[in-house]
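Scope of the values below: all heavy atoms of this structure, side chains included, with no hydrogens, waters or symmetry mates.
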Amino acid sequence: MKKVRYIPVLLLAAALTMVSCDGMLNIDSDRYTYEEDYRMGSDHDSLYAIVGILSELQKLGDRYVLLGELRGELMETTDDASRFLKQINEFTVTKDNPYASVKEYYAVINNCNYAIQHLDTSLISKGNKPNYRIMAAAKSIRAWTYLQLVLNYGSANYITNPILTSDDVDKDYEVVDLSTLCDYLIQDLMPFINEDGANMGLFASFKSAQSLLPAKLVLGDLYLWKASILEGSGNAAAAETYYRMAAMCYYILMYNEDLLISTDYRSLWQFDDKVNLPLKIEQDKWEQLFTPSGLETVAALASSPDYGHPFTIDSLTFKRHVAPTTVAINNWTSGLYYNNDFGATDGDLRLGASAANAFSNYDETKKVDYDEDYLILKYLLINSDDDQKIIFVNRNSHIYLKYAEAINRLGYSNLAFETMKSGLNPRTARKPVIYNETYDSTLIVSSKPTPGGIITYLDFTDNKFTNNVGTKMRGLGNLNIDTTFFIIRANVDTISFVEDELIKEYALETAFEGNRFHDLMRVAIRRNDPAYLANKVAEKYTDNKEIIRTKLMTPANWYLPK
């Protein structure tokens, strides 16, 4: 019997009967154990394994937001920020920066590898195979973690077996880039495409409206990245297949889980009918998505103080160590709120739940211009409960926008545009120009009925989509009836135009949620144009704008040091 080191956090089955939950999750433990004694022989064992994986996953929460946003143009550091945060903001990260550590990613991966190797998926409990769903969850979490690792560092050691001994550590592992990683992970996840993973509602301290990282969601992201790489390298024909698969994954998730851009979360001005001027905000419902009970969170990282890895993003935003940039605020304030052809006003009402003016905290000794003294509000709203901290990974709207990104590249630009403008619903589906491609029956990928020959993953004629609105309608009024302002102009490259509008909409809808730098990176890769990312990121800088822009013109500088 071989003695092995207890690798954090390998929740092995026999330990479940001997230690408390706190003991199991103690990642600093130096105990030794015997690999042969620990097999996941019951559904309870496998559920505890998922708790261990999630405990490690919590450590990625703050950096998911900070690495994704401080390197974009929407978030910046203030004078009060730590030097490590300022390094991220200035693209000068050193290897001792704790936010750039790779070990936390590999800890999640190692836990997943152990669970995947030892789960008994043939186990039957009450007529079901619960471990199959646990396996789907473990593989989805592993794939998502690998994707974040490579997006931030450019490459990763691809390891699929758990590292349990010093000999395992010393082995040579394949180093993969993003393209190769997507190939491996797509092949690994495809058998689980119809599994949504373990429902995290089972754990009060790991709350999620749906399930954590459904396989379809992670697969959609992998296909979208792979398509972008192929298109950027000039292989448009191969890219088309991957865009189609990305659209399919997102669509199936939206259809099966009834994901909507619901009319229930629109923020609206009350207009004076006589003069068509706004009087007051009649409804301010978009911010309800950012309460602990928000119902459009598909995947989130959740943290509880009980497990020792609390998120700090809410305190960082409250203390203004990180803050919205002028670019971000201008995105909302410059928007045109449309009531009708005679009544319009400036401003996207989504600003109200995204950033708040901090005039009440004005300190005259700091000589701060209070008009620019904004707090990031989203994480203060969602983390108002001290017992539960939430960081978004994907909300409904983000999935719809990524879906639109994929179908736009397939040539369905009108439908992609309507994702923002009117919403993907039966009314939109009846517009005569909405489907702007000849249908090929060989592309129908499901047995679900396709009225009028509509390709399945483009079909929004089902009544379940009736209450879908455009993402912009939640903060910019009745754009669904606008025929003047938010339209696709003539004589433009339609695909590029719609893609640019989607990137603008990401900034309005998903600002500060951890996605921005990678969204810009994906389009820059797709267009084979580093300037696309470099120019946008450089917008937020003043004294060193050209230095940052020049640095980011070299894609190698997009990544962190290992």
Rounded to the nearest 0.5 Å, how far apart are [atom1] of [X] and [atom2] of [Y]?
| X | Y | atom1 | atom2 | answer |
| --- | --- | --- | --- | --- |
| Ile399 | Glu257 | CD1 | CD | 9.5 Å |
| Leu260 | Asn468 | CG | CG | 4.5 Å |
| Leu381 | Ile390 | CG | CD1 | 13.5 Å |
| Ile313 | Ile382 | CD1 | CD1 | 13.5 Å |
| Cys112 | Gln117 | SG | CD | 13.0 Å |
| Lys536 | Ile503 | NZ | CD1 | 7.5 Å |

Judged by atom type as modelled, is there a donor-acceptor pair below 3.5 Å linking the side chain of [X] to the main-chain atoms of [Y]?
| X | Y | value |
| --- | --- | --- |
| Asn394 | Val298 | no |
| Thr554 | Ala556 | no |
| Lys95 | Pro561 | no |
| Glu69 | Gly514 | yes |
| Asn557 | Leu552 | no |
| Arg71 | Leu67 | yes |
| Lys540 | Leu70 | yes |

Let me know which of Asp96, Asn97, Thr77 forms a side chain to side chain donor-acceptor pair (under 3.5 Å) with Gln87.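 Exactly one candidate clears the test, Asn97.
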Identify which one of Tyr559, Tyr99, Tyr105 satisfies the side chain to side chain donor-acceptor pair (under 3.5 Å) criterion when paired with Asn152.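 In the set Tyr559, Tyr99, Tyr105, the residue that makes a side chain to side chain donor-acceptor pair (under 3.5 Å) with Asn152 is Tyr105.
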Can you tell me which residue among Phe311, Trp144, Phe512, Phe517 is in a ring pair (Phe, Tyr, Trp, His ring centres under 6.0 Å) with Tyr64?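 By the ring pair (Phe, Tyr, Trp, His ring centres under 6.0 Å) criterion, Tyr64 pairs with just one of Phe311, Trp144, Phe512, Phe517: Trp144.
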Could you tell me if Asp177 and Thr180 have a donor-acceptor pair between their side chains, going purely by distance under 3.5 Å?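 Present: a donor and an acceptor within the cut-off.
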Does a salt bridge link [X] with [Y], judged by any charged N lying under 4.0 Å from a carboxylate O?
| X | Y | value |
| --- | --- | --- |
| Glu501 | Lys472 | no |
| Asp519 | Arg522 | yes |
| Arg395 | Glu513 | yes |

Where [X] and [Y] come nearest, the two heavy atoms and their spacing:
| X | Y | result |
| --- | --- | --- |
| Met75 | Val65 | CE-CG1, 4.2 Å |
| Ala416 | Leu502 | O-CD2, 4.5 Å |
| Leu222 | Cys182 | O-SG, 3.7 Å |
| Ile53 | Ala138 | CD1-CB, 4.4 Å |

Take Leu66 and Leu316 through the test side-chain contact (heavy atoms from CB on, under 4.5 Å) and record every step on the way to the result. CA-CA 10 Å; Leu66 296 170; Leu316 289 174; 4.0 Å; yes
Close side-chain approach of [X] and [Y], heavy atoms under 4.5 Å:
| X | Y | answer |
| --- | --- | --- |
| Val218 | Leu147 | no |
| Lys226 | Asp183 | yes |
| Leu458 | Tyr251 | no |
| Arg409 | Glu499 | yes |
| Gln148 | His518 | yes |
| Trp225 | Leu185 | no |
| Leu401 | Tyr506 | yes |
| Glu405 | Arg526 | yes |

Output field: ring centroids Tyr106/Tyr153 closer than 6.0 Å: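 Between Tyr153 and Tyr106, which both carry aromatic rings, the centre distance is not below 6.0 Å.
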Determine whether the aromatic ring centres of residues Tyr403 and Tyr457 are separated by less than 6.0 angstrom.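 No.
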Begin from the C-alpha positions of Asp500 and Arg527 and carry the test salt bridge (Lys or Arg N to Asp or Glu O under 4.0 Å) through to its verdict. CA-CA 12 Å; Asp500 288 341; Arg527 297 185 181 186; 2.8 Å; yes
Take Asp221 and Tyr250 through the side-chain contact (heavy atoms from CB on, under 4.5 Å) test and state the conclusion after the steps. CA-CA 9 Å; Asp221 291 350; Tyr250 295 136; 2.5 Å; yes
Kindly confirm or rule out a cation-pi arrangement of Lys171 over Tyr173, judged by NZ or CZ under 6.0 Å from the six-membered ring centre and within 45° of its axis?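 Judged by the rule (NZ or CZ under 6.0 Å from the ring centre, within 45° of its axis), Lys171 is not positioned above Tyr173.
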Quick one: sort the [X] and [Y] rings into parallel, tilted or perpendicular, breaks at 30° and 60°.
| X | Y | value |
| --- | --- | --- |
| Tyr223 | Tyr242 | tilted |
| Tyr400 | Phe460 | tilted |
| Tyr158 | Tyr184 | tilted |

By side chain to side chain contact (heavy atoms under 4.5 Å, CB included) - contacts of Val150 (at least two apart):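 Applying side chain to side chain contact (heavy atoms under 4.5 Å, CB included) to Val150 gives Ala156, Leu178, Leu181.
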Give the C-alpha distance, both sets of side-chain angles, the deciding distance and a yes or no for salt bridge (Lys or Arg N to Asp or Glu O under 4.0 Å) between Glu240 and Arg244. CA-CA 6 Å; Glu240 183 176 339; Arg244 185 174 294 116; 3.0 Å; yes
Stepwise, does the side-chain contact (heavy atoms from CB on, under 4.5 Å) test hold for Leu424 with Met254? CA-CA 11 Å; Leu424 303 184; Met254 294 186 294; 5.6 Å; no
Please determine which of Lys378, Lys504, Arg350 meets the salt bridge (charged side-chain N to carboxylate O under 4.0 Å, His left out) test together with Glu509.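 When Lys378, Lys504, Arg350 are each tested with Glu509, the salt bridge (charged side-chain N to carboxylate O under 4.0 Å, His left out) holds only for Arg350.
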Picking from Ile525, Leu151, Val537, what satisfies side-chain contact (heavy atoms from CB on, under 4.5 Å) with Trp558?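 That would be Ile525.
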Test log, rule salt bridge (Lys or Arg N to Asp or Glu O under 4.0 Å), inputs Glu195 and Lys139: CA-CA 11 Å; Glu195 292 292 331; Lys139 289 206 168 191; over 6 Å; no
Assess the residue pair Tyr132 and Phe192 against the criterion (side-chain contact (heavy atoms from CB on, under 4.5 Å)); give the C-alpha distance rounded to whole Å, side-chain angles, the decisive distance to 0.1 Å, and a yes or no. CA-CA 9 Å; Tyr132 198 78; Phe192 300 91; 3.6 Å; yes
